[in-house]
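Chain A is the first sequence line, chain B the second, and so forth, proteins listed ahead of strands; every chain is numbered from 1. All values below come from the heavy atoms of this structure, side chains included, with hydrogens, waters and symmetry mates left out.
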Amino acid sequence: MASVRTRFAPSPTGYLHLGSARTALYSWAYARRHGGRFVLRIEDTDEDRSSRKAEAAVLEGLHWLGLDWDEGPFRQSERRDRYREVLEQLLADDSAYRCVCEREDLEARKQADLAAGGKGIYDGRCRNLHLGPDCGTHTVRLRVPAEGMLDFDDLVFGHSGQDASQIGDAIIQRSDGTALYNLAVVVDDLDMSITHVIRGADHHPNTPLQVAIYRALDAPLPAFAHLPLIVGESGKKLSKRRDNVSIQQFRDEGYLAEAVANWLVRLGWSHGDDEIFGLDDITRLFDLANVGRSAARAELPKLEWLDQHYIKALKGDDLFARVHPHLERVAGGSVQDTPALRKLLDLLRERSKTLVEMAELARWQLRDELDYQQKAVQKHLRPVVAPLLRDLRDGMQTLSDWSEGALQKLFDEVADAHGGLKMGKLAQPVRVAVTGGPNSPGIFETLEVVGRDRSVQRLGRAIEMAEARADAHES
RNA sequence: GUCCCCAUCGUCUAUCGGUCAGGACAUGAGCCUUUCAAGCUCAAGAGGCGGGUUCGAUUCCCGCUGGGGAUGCCA
């Protein structure tokens, strides 16, 4: 058997669509798994909707996910002559014919047919007119056989097909002389020797028509594999309006590429009870045989869990580089690489579902001005804690060494001095004082990150806040 | 309307005639604990309905119901 050749053929939409991303991932994985080649082709036959910029965004999405291709990108817009050549050939052997039916008229006849209980397919008015090139403005239609099965093997859905009588003679060339999608894909897949056409199940119903084209061209069929749709919360096909369909948006929301890829690969494919798949695992294990047949609902919780899973494994330079843009957004300016920040990020790994969340959790380190959470201030910075904070602050100023160990010792001493206070009584007020909120990593680690000067300063501010409330009570 | 497809916990899925129907996420409870997480333990939670076939159906067949997709001079 010829070596595997798969392709990904997106239309340039300005971003990489979630469903397309999965199709790309599966096609890529299938080629890699079988030592084949992966071809990239841009389907830009609809000029109105295509631009180079929109195409670049699609490629960027692919790169971000970690997918690479061996050939291309080829563009259908650059293959017009080839389509024309094929069209001429089809016309010459009478597999196709010119049609001069006008749009409005066509629509009216279709509606009438539908109303009369018909199927609403082309009535074949020009089918036997044998119109020549001089017939004026015209489209070209494929002469689909009147009967017989237009069938094909589908690696996911099994043997599929439709009776030819259910399909009208479809237009394959527009009246402006350009080829339509259904013709272009077939010609491209043939010319590019694609062995496995892997694409979304929304193309499943179009395939019989394409089979008719293959036959008209007297060409062998590739293997088809239609992937069940990914649907949104609504249970319907993903829509730009309702759902987040842009891979770039997931990236911007702080999801890691490996998490998105892992999420996508499991949306429709499985390998026993396994859940964690890196790109390398995917190229090693992926197979069409284990792709399911029903639509999968894209829900975020699993993605979040995966994202946290991969974030937990991130460290050092890699971690820093990936959160950096998000840190700068929170900081509202440039963010320097410091040991304290590195330590904080490390502590935040298992507390963050996304990089965006991680950056948010680092806010108290990124900005000198604290955002105090009123509820936490009310609860923890009460007048009675002022003396505690004062002792702690004083102790910090003379602490010989600013380390978790030394801080722990200081806290123990202050707790003893105040009648054996529980650690929680001390930790929470301090936490609110130095971070502005009730949640953060361990208090000693937090203080170490904040640093002596800022800790002392923030404690001072907290003492003022607590005492101010005492005054308010008295007056 | 017509054609095509799909149907296991809330979600993603395993099962390829015989299982206490398994796992994961989410959910609830507990443990841990200076907060939040993380981690660990436990719990609850599924074969749409009706017919067949079979010694035996979630699994195979048919019908129904439900859902989805396609029906473009879009891809």
Look at all strands and tell whether [X] reaches a base, only sugar-phosphate, or nothing, counting heavy atoms closer than 4.0 Å.
X: A:S270; value: sugar-phosphate
X: A:Q308; value: sugar-phosphate
X: A:F157; value: sugar-phosphate
X: A:P438; value: base
X: A:G120; value: nothing
X: A:K237; value: sugar-phosphate
X: A:L180; value: sugar-phosphate
X: A:F444; value: base
X: A:P441; value: base
X: A:C99; value: nothing

With respect to the phosphate group of [N], does any side-chain polar atom (N or O) of [X] fall under 4.0 Å of OP1 or OP2?
X: A:K110; N: B:G1; answer: no
X: A:S175; N: B:C73; answer: no
X: A:R174; N: B:A75; answer: yes
X: A:K422; N: B:U33; answer: no
X: A:K236; N: B:G68; answer: yes
X: A:R351; N: B:A38; answer: no

- Check whether any side-chain heavy atom of A:L303 lies under 4.5 Å from a side-chain heavy atom of A:F250, and answer yes or no. yes
- Message: Any salt bridge linking A:E43 with A:R75? Criterion: basic side-chain nitrogen under 4.0 Å from a carboxylate oxygen.
- Response: no
- Note on the structure: Between A:Q76 and A:P205, the residue closer to the 5' end of RNA chain B by nearest nucleotide is A:P205
- Message: What is the distance, to the nearest angstrom, from the CG atom on A:D169 to the C1' atom on B:C73?
- Response: 15 Å
- Give a yes or no on whether a donor-acceptor pair under 3.5 Å exists between the nucleobase atoms of B:G39, that is its base, and the side chain of A:E350. no
- If you take atom types as modelled and just measure distance, does the side chain of A:D273 reach the base of B:G22 with a donor-acceptor pair under 3.5 Å? yes
- Query: What do you reckon, do A:H203 and the base of B:A70 stack, with centroid distance below 5.5 Å and planes below 30°?
  - Reply: no
- Message: Please pick, from B:G39, B:G1, B:C3, the nucleotide with the shortest atom-to-atom distance to any side-chain atom of A:Q166.
- Response: B:C3
